[in-house]
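In each ligand, atom 1 is the first atom listed, and ligand 1 is the first ligand listed.
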Amino acid sequence: MKIGILTSGGDAPGMNAAIRAVVKSANYNNIEVFGIKYGYKGLIKEELMKLDSLGVDGIAEKGGTILKTARCLEFMEEDGRRKALKTLRNFEIDSVVVIGGDGSFQGAEKLSKLGVKVIGLPGTIDNDLAYTDYCIGFDTTLNTVLECIGKIKDTDSSHEKTTIVEVMGRYCGDLALYSALAGGGEIISTPERKLEFHTICNKLAENISKGKNDNVIIITERMYDIEELQKYIEERLKISIRNTVLGFIQRGGSPSAFDRVLASKMGVKAVELLMEGFAGRAVGIKDNKIIDVNFSEVNNKNTDKQKEYDLLKFLL
Ligand code: ADP
Ligand code: F6P
């Protein structure tokens with residue numbers, strides 16, 4: 001067996017810890033590993049490099065991905081995937097570990113249908129893969145968001161101001177939801193529980209009437225134009241408020257201990273599965289147990305977070 005490993009889609013803190021775990025456990029079992037650069041693009045363009053245990057020492061603490069990542073349109077076409085297959089044959093690689101999100105997993109499933117043994121590891125800050133409780137990177141990003149909001153709160157409380165904070169998540173509200181659960185905001189709106197402008201405004205007015213003059217309104221990206229929302233609130237309530245889009249700061253940084261451990265457990269599991277002859281599967285964590293499911297069971301529909309949303313009524 002020879003393993004290829006790639007990171008694809010948006011980078012996520014902890015991807016390096018997963019690479020380290022795959023390389024170390026494969027080498028322990030005398031299996032060679034090749035790193036494929038730039039996700040599926042590197043597979044098409046033959047950009048590979050040999051990885052070994054010594055070479056991946058010390059990378060677990062680094063954010064981003066040493067293999068680089070990319071979005072690759074060519075791989076969406078059959079012709080692109082055929083080229084990828086040719087590269088794998090040239091390097092005599094029969095197994096591939098794909099670290100990425102929902103899109104990368106769709107690519108992984110297609111690659112596995114071409115006869116390649118593929119295992120997926122969920123690496124995305126969005127936490128938008130429903131088969132797993134946590135994706136690699138989510139915890140680190142959540143901590144970054146909370147640190148940033150904490151700083152915003154310091155100045156908000158000093159000036160008795162309100163700030164709308166836009167967080168990432170693509171179409172998934174987990175970063176906003178968990179930030180609010182952890183005390184990061186007073187009002188939240190997510191794709192799963194979207195609030196209209198007037199509802200946000202009424203909640204804010206209610207808070208202010210109770211004497212809570214500094215509020216953080218957390219919103220998931222891609223839902224509204226943040227400046228329009230700010231203007232709406234300012235005009236309706238005759239107050240001046242602030243807005244902050246946290247942006248790409250959320251994707252960087254040294255991974256949290258949680259993400260490093262999660263990535264390490266998942267990386268070792270990927271090699272274990274391949275050695276046992278399993279393929280076409282995605283590794284996850286459910287109820288604190290490492291699990292694996294068929295690619296066909298992976299989707300980005302959000303699991304119902306009703307229990308978590310219910311808690312907000314006590315906390316906000
Ligand atoms: P993520 O994996 O973070 O969700 P993307 O959705 O951008 O990120 O997907 C990453 C890459 O995975 C794409 O650029 C493409 O190369 C590949 N990919 C995504 N969707 C498909 C698909 N339906 N078929 C084949 N490859 C896909
Ligand atoms: O999927 C991770 C993510 O950071 C999303 O939260 C965000 O919407 C998207 O990637 C941004 O993508 P890009 O790096 O292509 O701008």
Side-chain angles (χ1 to χ4, degrees), residues 5-15 18 36-45 47 63-65 67-85 87 96-114 116 118-132 134-142 144-145 148 165-179 190-191 218-224 226 245-253 255 259 280 282-284 295-296 298-302:
I5 182 166
L6 62 85
T7 48
S8 166
D11 60 305
M15 282 181 160
I36 301 155
K37 292 182 81 179
Y38 311 110
Y40 295 119
K41 199 189 266 180
L43 208 46
I44 292 172
K45 305 267 182 255
E47 294 208 51
T65 158
L67 290 176
K68 319 280 181 195
T69 182
R71 314 221 193 241
C72 172
L73 290 180
E74 208 180 339
F75 193 77
M76 317 265 281
E77 309 298 327
E78 211 176 311
D79 196 41
R81 293 196 290 277
R82 291 268 155 218
K83 284 188 195 157
L85 195 61
T87 302
V96 176
V97 176
V98 171
I99 311 171
D102 168 56
S104 304
F105 278 15
Q106 288 184 43
E109 187 174 16
K110 289 188 177 150
L111 191 61
S112 90
K113 284 187 176 145
L114 291 176
V116 182
V118 189
I119 298 290
L121 301 184
T124 164
I125 64 162
D126 302 329
N127 214 39
D128 59 354
L129 292 165
Y131 77 94
T132 181
Y134 295 106
C135 296
I136 298 165
F138 173 69
D139 180 70
T140 306
T141 299
L142 178 59
T144 303
V145 168
C148 293
V165 178
E166 183 184 291
V167 300
M168 279 186 169
R170 202 173 280 217
Y171 304 106
C172 174
D174 280 18
L175 279 171
L177 168 63
Y178 283 79
S179 298
T190 65
I218 310 175
I219 59 170
T220 304
E221 64 178 344
R222 301 177 195 232
M223 290 173 60
Y224 334 94
I226 193 167
V245 177
L246 293 186
F248 284 95
I249 199 166
Q250 295 166 95
R251 284 231 299 250
D259 274 332
V283 178
F295 277 135
S296 60
V298 171
N299 64 57
N300 68 349
K301 297 250 159 34
N302 231 344

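At least one heavy atom of D102 sits closer than 4.0 Å to an atom of ligand 1.
Here CD of E166 is found 10.5 Å from OH of Y224. Values are rounded to the nearest 0.5 Å. I5 CD1 to M15 CE: the interatomic distance, rounded to the nearest 0.5 Å, is 10.0 Å.
Ranking protein heavy atoms by distance to atom 2 (O) of ligand 1, first place goes to S104 OG, 2.5 Å. Protein heavy atom closest to atom 6 (O) of ligand 1, with residue, atom name and distance, is G103 CA, 3.4 Å. Protein heavy atom nearest atom 23 (N) of ligand 1, with residue, atom name and distance: Q106 OE1, 3.1 Å.
Side-chain contact of D11 with T69: a donor-acceptor pair under 3.5 Å is absent, judged by distance alone.
In this structure, D126 and F138 have side chains that are not in contact, with every pair of non-hydrogen atoms separated by 4.5 Å or more. Side-chain contact between S8 and I99 is absent, with no heavy-atom pair separated by less than 4.5 Å. For the pair K83/E78, no side-chain contact is recorded, criterion being any heavy-atom separation below 4.5 Å from C-beta on. Residues V167 and I218 are in side-chain contact: their nearest non-hydrogen atoms beyond the backbone lie under 4.5 Å apart. Side chains of I36 and L67 form no contact here, defined as non-hydrogen atoms less than 4.5 Å apart. Using a 4.5 Å heavy-atom cutoff, the side chains of E47 and Y38 are in contact.
Taking each of G123, G39, G107, S8 in turn, the one with a heavy atom nearest to atom 26 (N) of ligand 1 proves to be G107. Which of R71, M76, R81 comes nearest to atom 21 (C) of ligand 1 through a heavy atom is settled by distance: it is M76.
Listed by chain and residue number, the protein contacts of ligand 2 are R71, I125, D126, M168, G169, R170, E221, R222, F248, R251 (heavy atom within 4.0 angstrom).
For the side chain to side chain donor-acceptor pair (under 3.5 Å) test, no residue two or more places apart in sequence or in another chain qualifies with T141.
For ligand 1 and G101, the ligand atoms under 4.0 Å from any heavy atom of the residue are 1 (P), 2 (O), 3 (O), 4 (O). Close approach of ligand 1 to G9 (heavy-atom distance below 4.0 Å) involves ligand atoms 3 (O), 8 (O), 10 (C). Each of the atoms 13 (C), 14 (O), 15 (C), 16 (O) of ligand 1 lies under 4.0 Å from some heavy atom of C72. Near Y40, the atoms of ligand 1 lying under 4.0 angstrom from a non-hydrogen atom of the residue are 12 (O), 16 (O), 17 (C). Applying the 4.0 Å criterion to heavy atoms of G10 picks out, from ligand 1, the atoms 3 (O). Remark: ligand 1 atoms within the under-4.0 Å shell around heavy atoms of K110 are 22 (C), 23 (N), 24 (N), 25 (C).
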- Item | Full working for salt bridge (charged side-chain N to carboxylate O under 4.0 Å, His left out) between R82 and E77 | CA-CA 9 Å; R82 291 268 155 218; E77 309 298 327; over 6 Å; no

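In terms of polar-atom proximity, defined here as any N/O pair under 3.5 Å, G100 makes no such contact with ligand 1.
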